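Structure record follows, encoded as structure tokens.
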Amino acid sequence: MKTAPTISIGICGLGTVGQGVWKHIERARPELEARLGAQLVLARASVQNLKKKRDVTLKPEQLTTDPLSIATDPSIQIVCELIGGTTIARQVTLAALKLGKTVISANKALLCAHGPEVFSTARKHGGRFFFEASVAGGIPIIKALREGLVANRFRRIYGILNGTCNYILTRMEREGLAYPVILKEAKELGYAEADESLDVEGWDTAHKASVLAYLAHGTWVSTRQMVVEGITQLTQPDLTFARENGYAIKLLAVIERDLERDVLSVGVYPALLPITKAIANVNEVYNGISVSGDIVGETTYIGRGAGQDPTASAVIGDIIDAASQLVRGGTYLPTAPATKLALTPPAALRSRHYLRLDVKDQPGVLAKIANCTAKAGVSIASLVQRPSEKPEAASLLLTTHECSEAQIRLTVARLARHSCVLGKPLLLRIADF
Ligand code: NDP
Ligand code: HSE
């Protein structure tokens, strides 16, 4: 009788995600191996601290502090890079690809910073690179874009790509808690990045938006070419205003392609999204992505966007795809379309806006504010005054009619300098999708 082939797997990084992958492969092994027609061997894993207590049990000889020794181990065919960051993770990824191995990655920061190098190294040396877990946790959005929706050109892809921020915003809204308290919980639950500022300042969402923009449009957009804003300035009055006016505030990635002029824009910012939209109702650690294609119309994907189990689900999906290719041969279509689009300058983007500013509660102040907006050609659509926590001050909550990013930036800069404005104004976009 013919014996089943063996696929040997090395796990670089046995933290939240790595342990999930190890645990769920052990649990699902009989079904996975039966479907694959091959044996899966969890050969070795690397960690930084050998003494740390783990949820999975390995023999001492299976553990190392040297992830490169796994990447270059001739007996290992599939290397999972689950360390994070862009230094040792890059070395591990490139070393394995240069040896023609298969690399499976959850590392959106690495892809955003070094995507072209990673893909060209894989092509040059016959390595394979899989990265489903890098965007939107357990949602198979990479597969959707590169396989199921391949016939489409994408007018708009937008949604929630960071579980930590959505968890924070949901709990702030529901329970009135301040964001640092909830962030601590998100860390304990394994949702946040090792450097949590990547989550709350919007960078993690920007890394993921860059990966999606590349997959959909063949164009790498760096974070320097995007508007990137996080959630740290949001307060309860903003969430209350949004709810009372039929919106939810969500940290959105927005990737838009003007199909007539063939230009692309990518932005990351907290926005007021009409509550009638499916994405506005995606809460807690869930991510939600709306993809509008010129043939398919709008499709929506919702699922857990962070945490051990959903991310392990995505990594294992890639391991099985990769193992199947190793056993049966074959490769995927090229990762992205062979297009390269020009970018719309961020200053030219247009939107309605929400502004919150604390002002001195004195006669004539509203006229001065209106003068600042009028000078930039920005038209006020609504204005409410609420009590401020600051003494002898009032809080103004404004919405504007549509104007350009350049106009609203000029307005905010003028307001911030004005003697009647106390502190930095908060600016949010209103997403009229
Ligand atoms: P963790 O911090 O939980 O795990 C990282 C692992 O890498 C640990 O085992 C750690 O060792 C090891 N490690 C860290 N630094 C080094 C180093 N310099 N040299 C060698 N080993 C090192 O991270 P996560 O599991 O949360 O994330 C891993 C990757 O997955 C990241 O790219 C992240 O962005 C991505 N990701 C995470 C998700 C999540 O929900 N957590 C979801 C989707 C993607 P030790 O255990 O000894 O400290
Ligand atoms: N820190 C990330 C998040 C992990 O919260 O979405 C998943 O990529």
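Counting starts at 1 for both ligands and their atoms, in listed order. Please read these numbers as outputs of a predicted model, since none were measured by experiment.
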- So which residues, sorted by chain and number, lie with a heavy atom under 4.0 Å of ligand 2? K108, L161, N162, G163, T164, Y191, A192, E193, D199, D204, K208, G305, A306
- Note on the structure: min-distance protein heavy atom vs atom 28 (C) of ligand 1 -> L82 O, 3.3 Å
- protein heavy-atom neighbour closest to atom 13 (N) of ligand 1 works out as I83 CG2, 3.7 Å
- Task: Provide the number and element of each atom of ligand 1 under 4.0 Å from a heavy atom of K52.
- Result: 45 (P), 46 (O), 48 (O)
- Only counting residues at least two apart or in another chain, list the ones meeting salt bridge (charged side-chain N to carboxylate O under 4.0 Å, His left out) with E196. K187
- Task: Using a cut-off of 6.0 Å, state whether more than 12 heavy atoms not belonging to K390 lie near its atom NZ.
- Result: yes
- Message: Under 4.0 Å from a heavy atom of G15: which atoms of ligand 1 are those, numbered in the order shown and with their elements?
- Response: 3 (O), 4 (O), 6 (C), 8 (C), 9 (O), 25 (O)
- Message: So if I count the atoms of ligand 1 from 1 in the order they appear, which ones are less than 4.0 Å from some heavy atom of G307?
- Response: 39 (C), 40 (O)
- Query: Is D432 salt-bridged to R352, cutoff N-O under 4.0 Å?
  - Reply: yes
- Note: A106, heavy atoms under 4.0 Å from ligand 1, region reported as both
- Find the distance between CG (L111) and CG (L215) and round it off to the nearest 0.5 Å. 9.0 Å
- Less than 3.5 Å between some nitrogen or oxygen of T65 and one of ligand 1, yes or no? no
- ligand 1-proximal atoms of K108, by part, heavy-atom distance under 4.0 Å: side chain
- Query: What are the atoms of ligand 1, with element, lying closer than 4.0 Å to any heavy atom of N107?
  - Reply: 32 (O)
- Message: Give me the residue, atom name and distance of the protein heavy atom closest to atom 6 (C) of ligand 1.
- Response: G13 CA, 3.6 Å
- Query: Only one of I9, I78, I76 clears side chain to side chain contact (heavy atoms under 4.5 Å, CB included) with T102; which?
  - Reply: I78
- With heavy atoms of A306 as the reference, note each atom of ligand 1 found under 4.0 Å away. 40 (O)
- Item | Side chain, backbone, both or neither: R54 near ligand 1, heavy atoms under 4.0 Å | side chain
- Task: Check whether any side-chain heavy atom of E26 sits under 4.5 Å from a side-chain heavy atom of L42, and report yes or no.
- Result: yes
- Task: For atom 27 (O) of ligand 1, grab the closest protein heavy atom and report residue, atom and distance to one decimal in Å.
- Result: V17 CG2, 3.9 Å
- Which ligand 1 atoms, with their elements, are less than 4.0 angstrom from a heavy-atom of A133? 43 (C), 44 (C)
- Query: Does the protein put a heavy atom under 4.0 Å from atom 2 (O) of ligand 1?
  - Reply: no
- Hey, which atoms in ligand 1 end up nearer than 4.0 Å to a heavy atom of E193? 33 (C), 34 (O)
- Task: Give, for atom CD1 of I141 and atom CG of L149, the distance between the pair rounded to the nearest 0.5 Å.
- Result: 7.5 Å
- Message: Between R171 and E284 (salt bridge meaning N to carboxylate O under 4.0 Å), is one present in this structure?
- Response: no
- What residue and atom, counting heavy atoms only, is the protein's closest point to atom 26 (O) of ligand 1, and at what distance? T16 CB, 3.6 Å
- Item | Aromatic contact, Y247 with F241 (centres under 6.0 Å) | no
- Message: Yes or no, since that's all I need: does a protein heavy atom fall within a distance strictly under 4.0 Å of atom 23 (O) of ligand 1?
- Response: no
- Answer yes or no: is there an ion pair linking E173 with R243, defined by an N-O contact shorter than 4.0 Å? yes
- What do we get for T311 next to ligand 1 when only non-hydrogen atoms under 4.0 Å count, side chain, backbone, both or neither? side chain
- Item | Closest protein heavy atom to atom 9 (O) of ligand 1, given as residue, atom name and distance to 0.1 Å | L14 N, 2.9 Å
- Message: I'd like to know if E298 pairs up with R156 as an ion pair, taking the criterion as any Lys NZ or Arg NE/NH1/NH2 lying under 4.0 Å from an Asp or Glu carboxylate oxygen.
- Response: no
- Task: Flag the pair R123 and E117 as a salt bridge only when some basic side-chain nitrogen lies within less than 4.0 angstrom of an acidic carboxylate oxygen.
- Result: no
- Message: Any donor-acceptor pair under 3.5 Å linking the side-chain atoms of N107 with those of S105?
- Response: no
- Carboxylate-amine/guanidinium proximity below 4.0 Å for R257 and D262: yes
- Determine, using ring centers only, whether F119 and F131 are less than 6.0 Å apart. yes
- Query: Can you tell me if A194 has a non-hydrogen atom under 4.0 Å from ligand 1?
  - Reply: no
- Query: Should D321 and K143 count as an ion pair when the cut-off is N to O under 4.0 Å?
  - Reply: yes
- Message: With rounding to the nearest 0.5 angstrom, report the CD to CG distance, E193 to N162.
- Response: 7.5 Å
- Message: Below 4.0 Å, non-hydrogen atoms only: which portion of Q48 touches ligand 1? Side chain, backbone, both or neither.
- Response: both
- protein heavy-atom neighbour closest to atom 31 (C) of ligand 1 works out as G84 CA, 3.6 Å
- Query: N166 side chain to Y286 main-chain N or O, any donor-acceptor pair under 3.5 Å?
  - Reply: yes
- re atom 41 (N) of ligand 1, the protein heavy-atom contact at minimum distance is G190 O, 3.0 Å
